[in-house]
J.: 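To start, I am sharing the structure in question, which I have written as structure tokens.
Below, chain A is the first sequence line, B the second, and so on; all start at residue 1.
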2 protein chains.
Amino acid sequence: MRKVASLAGVSVATVSRFLNGTARVSDAKRTTLENVIGRLNFKPNMLAQGLKMGSSRTIGVLTPPLGSDYRNDMLNGIDQAMSAAGYAPLIVSGHRHADDEVERIELLIARRVDGLVILTDKLPDQQILGFSARVPIVAFGRELNGANAFGFGLDNYQAACELAEYLICLGHRSIAFIAGPGQADAAARLAGYLDTLARHGIDADPGLIVPGDWTEAGGVLAVSRLLESGRRFSAIFAANDLAAYGARLALYRRSIRVPEDISIVGFDDLHSSMYATPPLTTVHQPLCEAGRRIGEALLMLIDGKPCRIDIPPMHLVVRESVRRI
Amino acid sequence: MRKVASLAGVSVATVSRFLNGTARVSDAKRTTLENVIGRLNFKPNMLAQGLKMGSSRTIGVLTPPLGSDYRNDMLNGIDQAMSAAGYAPLIVSGHRHADDEVERIELLIARRVDGLVILTDKLPDQQILGFSARVPIVAFGRELNGANAFGFGLDNYQAACELAEYLICLGHRSIAFIAGPGQADAAARLAGYLDTLARHGIDADPGLIVPGDWTEAGGVLAVSRLLESGRRFSAIFAANDLAAYGARLALYRRSIRVPEDISIVGFDDLHSSMYATPPLTTVHQPLCEAGRRIGEALLMLIDGKPCRIDIPPMHLVVRESVRRI
DNA sequence: TTGAAAGCGCTACCAA
DNA sequence: TTGGTAGCGCTTTCAA
């Protein structure tokens with residue numbers, strides 16, 4: 001910058017003012033500066049700016065290990081919202097343990113991120129609230145309402161009810177459920193299934209509820225167990241699409257047709273679900289949209305404004321993996 | 001830091017030395033410092049460190065818009081390599097145009113990233129070489145060999161040959177090909193298909209080569225066209241898994257069985273391919289591994305060492321979407 | 001409208 | 001082994 005200043009015959013202060021439009025600069029110096037800066041291809045050092053301004057124009061995003069296409073849509077949305085505001089996301093993936101994630105967050109704070117997005121579910125709410133004293137945080141998948149932190153989730157319960165309702169309307173009474181491991185989302189989905197059954201006066205058979213682990217392999221295993229148990233069921237409600245894929249494969253292996261013999265529904269609406277064989281009936285999670293909301297909420301928080309966001313709704317998307325019986 | 005220094009009764013210089021292990025610090029001050037730092041929960045400001053050291057310990061990664069699970073494995077690998085070395089990735093997604101990407105790169109440079117990874121293919125090699133004068137770059141999907149830049153790709157040609165070979169060995173002679181749009185990868189895959197056919201003395205029917213766009217929708221469309229053209233074929237070679245999914249759906253819609261009536265192979269080995277109906281025979285791209293290699297290469301370049309990396313091989317993974325005829 | 005100068009929080013050099 | 005101190009490249013008073 002000093003170089004620019006001397007070449008343009010002005011002070012560094014003027015250069016700065018020109019760059020940021022902080023104050024009027026005379027037209028003469030204005031054009032000279034434009035010239036010199038263009039010639040030198042000068043770009044202000046954002047590290048220095050950040051140091052001075054106390055803001056890195058960077059946010060941290062703590063995600064589950066990258067790779068499932070599930071949360072990538074959300075990252076996409078966050079990116080859209082933030083990059084429009086000149087922020088760049090530092091994406092770090094959480095790992096096995098909560099301790100590990102604490103460390104990643106400390107690192108992000110050391111980098112002086114202006115805000116934090118937490119997409120993982122290992123950390124207790126209390127700890128997040130604690131961090132929020134140091135940096136604004138918005139978290140996904142949990143209700144949170146601190147002064148400097150905000151958390152929300154999509155309405156899994158409602159969507160699960162809708163899905164179960166749909167199955168029941170089509171005549172299904174014996175519906176197996178492949179559960180996810182114990183997080184909030186998993187519980188809400190299971191509760192939606194259970195309550196809807198109850199509302200229709202159907203006794204849920206506990207033997208029809210089998211554990212999964214959100215993966216395809218878990219789905220395969222769950223269905224194998226179900227089949228071996230000898231229990232009868234006409235439909236499978238998988239707590240997520242991946243498990244539904246696994247379930248579908250387990251059925252295929254045994255030459256059980258979908259949906260003629262057994263119906264399947266998933267949850268998430270991954271991109272491939274539309275192209276599965278048969279296309280999977282599932283619940284669409286507006287992840288990209290949610291990501292955008294997260295970004296906007298964080299921007300508000302960073303600005304010191306209270307944030308209020310309306311949660312985008314999920315909706316049932318009917319395709320071809322369920323038949324009326 | 002000044003606070004820590006005064007509370008510990010030492011100079012900031014000593015604090016710095018203690019923090020970085022730059023010089024021996026007496027045991028007495030050592031323990032005092034540990035204490036004070038722990039009590040204050042002090043974390044050095046990496047922005048200031050970066051400004052001083054001329055290194056942000058951050059790298060930039062320019063990727064295609066996030067969301068396809070295809071390159072996420074690679075991001076994962078990059079993250080593994082870099083975070084082990086204390087670097088964090090600033091992931092920005094390229095957009096529609098090359099101009100756009102240039103701008104993103106300029107932004108990354110303004111943030112003083114220590115290195116750059118380029119995963120997109122819109123930018124001409126020449127331009128990348130240009131940027132490499134300012135920052136070390138490793139690019140994926142193109143051959144590059146500058147002083148400060150390195151680029152490599154997986155051997156698409158070889159893998160495509162292997163795949164075509166496999167089909168031919170199983171008796172297929174009329175093999176349709178769903179192409180990708182004109183990038184290097186697409187060309188290599190097509191060439192592998194064509195050359196292998198030729199090597200076996202099979203005349204490739206140009207009418208059997210239809211354009212796709214790397215998406216499922218493109219695959220659906222391609223197969224529809226193929227079918228409408230009235231041409232006969234026993235197998236479909238899709239230039240990527242997504243197109244294979246689309247092809248599979250188009251067949252399903254017409255009650256054409258896979259692999260009994262028509263065989264399909266894909267390319268990429270996405271996670272879901274293992275769970276497709278039927279599980280898809282395809283070529284596995286060691287993307288995560290490649291990402292790790294990219295990270296290591298970049299680390300070398302950042303260190304000013306020349307980088308030499310061996311490219312992980314792709315391999316055929318035989319599943320159930322092809323039958324012998 | 002402009003320039004001089006005081007830091008932002010750190011590291012590393014020079015002396016002690 | 002320590003402390004003092006000069007910057008890293010910028011923004012922003014305060015005066016002119």
J.: Could you work out, with side-chain contact (heavy atoms from CB on, under 4.5 Å) as the rule, every residue matching B:Gln127, not counting sequence neighbours?
T.: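 side-chain contact (heavy atoms from CB on, under 4.5 Å) check on B:Gln127 returns B:Val102, B:Leu123, B:Pro124, B:Phe131.
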J.: Identify all side-chain donor-acceptor contacts of residues 24-40 of chain B below 3.5 Å with residues at least two apart in sequence or on another chain.
T.:
from, atom 1, to, atom 2, distance (Å)
B:Thr31, OG1, B:Asp27, O, 3.2
B:Thr31, OG1, B:Ala28, O, 2.8
B:Thr32, OG1, B:Ala28, O, 2.7

J.: When you list every nucleotide of DNA chain D with an atom under 4.0 Å from a heavy atom of chain B, which one comes first 5' to 3', and which comes last?
T.: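 Range of nucleotides within reach of chain B: D:dT1 to D:dG9.
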J.: Show the numbers, then the answer: is there a side-chain contact (heavy atoms from CB on, under 4.5 Å) between A:Ile311 and A:Asp155?
T.: CA-CA 8 Å; A:Ile311 286 87; A:Asp155 193 346; 6.0 Å; no
J.: Among residues at least two apart in sequence or on other chains, which ones pass side-chain contact (heavy atoms from CB on, under 4.5 Å) with A:Asp99?
T.: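 side-chain contact (heavy atoms from CB on, under 4.5 Å) check on A:Asp99 returns nothing, list empty.
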J.: Can you pull out how bent the helix from C:dT1-D:dA16 to C:dA16-D:dT1 is, comparing the axes over its first five and last five pairs, to 10°?
T.: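 One end axis against the other gives 40°.
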J.: CG of B:Asn72 to SG of B:Cys288: how many Å apart, nearest 0.5 Å?
T.: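 One finds 11.0 Å between CG of B:Asn72 and SG of B:Cys288.
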J.: Toward the 5' end of DNA chain D, which comes first, B:Gly9 or B:Arg112, by nearest nucleotide?
T.: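 Final value for this comparison: B:Gly9.
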J.: Tell me the closest heavy-atom pair linking A:Gly153 and A:Phe140, and the distance in Å.
T.: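 That would be CA-CE1, 4.2 Å.
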J.: Give me each pair satisfying salt bridge (Lys or Arg N to Asp or Glu O under 4.0 Å) with a member in residues 44-64 of chain A, each pair once, sequence neighbours excluded.
T.: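 As it turns out, there is no salt bridge (Lys or Arg N to Asp or Glu O under 4.0 Å) pair with a partner in residues 44-64 of chain A once direct neighbours are skipped.
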J.: A:Asp303: which residues meet the salt bridge (charged side-chain N to carboxylate O under 4.0 Å, His left out) condition with it, sequence neighbours left out?
T.: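 With sequence neighbours excluded, A:Asp303 shows a salt bridge (charged side-chain N to carboxylate O under 4.0 Å, His left out) to A:Lys305, given in chain and number order.
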J.: Between A:Leu51 and B:Ser11, who's closer to the 5' end of DNA chain D by nearest nucleotide?
T.: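 The residue mapped nearer the 5' terminus is B:Ser11.
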J.: Answer yes or no: is there a side-chain heavy-atom contact under 4.5 Å between B:Thr63 and B:Met74?
T.: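 SC-SC contact between B:Thr63 and B:Met74 ruled out.
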J.: With a cut-off of 3.5 Å and sequence neighbours excluded, list every side-chain donor-acceptor pair involving residues 292-302 of chain A.
T.:
from, atom 1, to, atom 2, distance (Å)
A:Arg292, NE, A:Gln80, OE1, 2.9
A:Arg292, NH1, A:Glu289, OE1, 2.9
A:Arg293, NE, A:Asp310, O, 3.0
A:Arg293, NH1, A:Glu289, OE2, 2.0

J.: Residues of residues 37-45 of chain A with any non-hydrogen atom less than 4.0 angstrom from an atom of DNA chain C: list those, numerically ordered, please.
T.: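 Those residues whose heavy atoms fall under 4.0 Å from DNA chain C, taken from residues 37-45 of chain A, amount to none.
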J.: Restricting to non-hydrogen atoms, name the atom on B:Gly54 and the atom on B:Asp114 that form the minimum distance, rounded to 0.1 Å.
T.: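 For B:Gly54 versus B:Asp114, the nearest heavy atoms are O-OD1, 4.4 Å.
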J.: Specify the residues of residues 12-30 of chain B, ordered by number, for which at least one heavy atom lies under 4.0 angstrom from an atom of DNA chain C.
T.: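 Nucleic-acid contacts, sorted: B:Ala13, B:Ser16, B:Arg17, B:Asn20.
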J.: Can you give me the closest heavy-atom contact between A:Asn156 and A:Asp185, atom names plus distance?
T.: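 That would be ND2-OD1, 3.4 Å.
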J.: Decide yes or no for B:Ile105 and B:Val135: does some side-chain heavy atom of the first lie under 4.5 Å from some side-chain heavy atom of the second?
T.: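 The answer is no; the side chains never approach within 4.5 Å.
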J.: Can you check whether B:Pro286 reaches B:Leu154 side chain to side chain, under 4.5 Å on heavy atoms?
T.: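 A side-chain contact exists here, since the closest heavy-atom pair is under 4.5 Å.
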J.: Need one value for B:Met53: base, sugar-phosphate or nothing, where a base atom within 4.0 Å counts as base even if backbone is also close, heavy atoms only.
T.: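 Touches sugar-phosphate only.
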J.: Which pairs count as salt bridge (Lys or Arg N to Asp or Glu O under 4.0 Å) when at least one residue sits in residues 125-135 of chain A, sequence neighbours excluded?
T.: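 Residue pairs with at least one partner in residues 125-135 of chain A: A:Glu106-A:Arg134, A:Asp125-A:Arg142.
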J.: Shoot me the first and last contacting nucleotide of DNA chain C against chain B, ordered 5' to 3', at under 4.0 angstrom to non-hydrogen atoms.
T.: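 The contact span of chain B on DNA chain C goes from C:dC8 to C:dC13.
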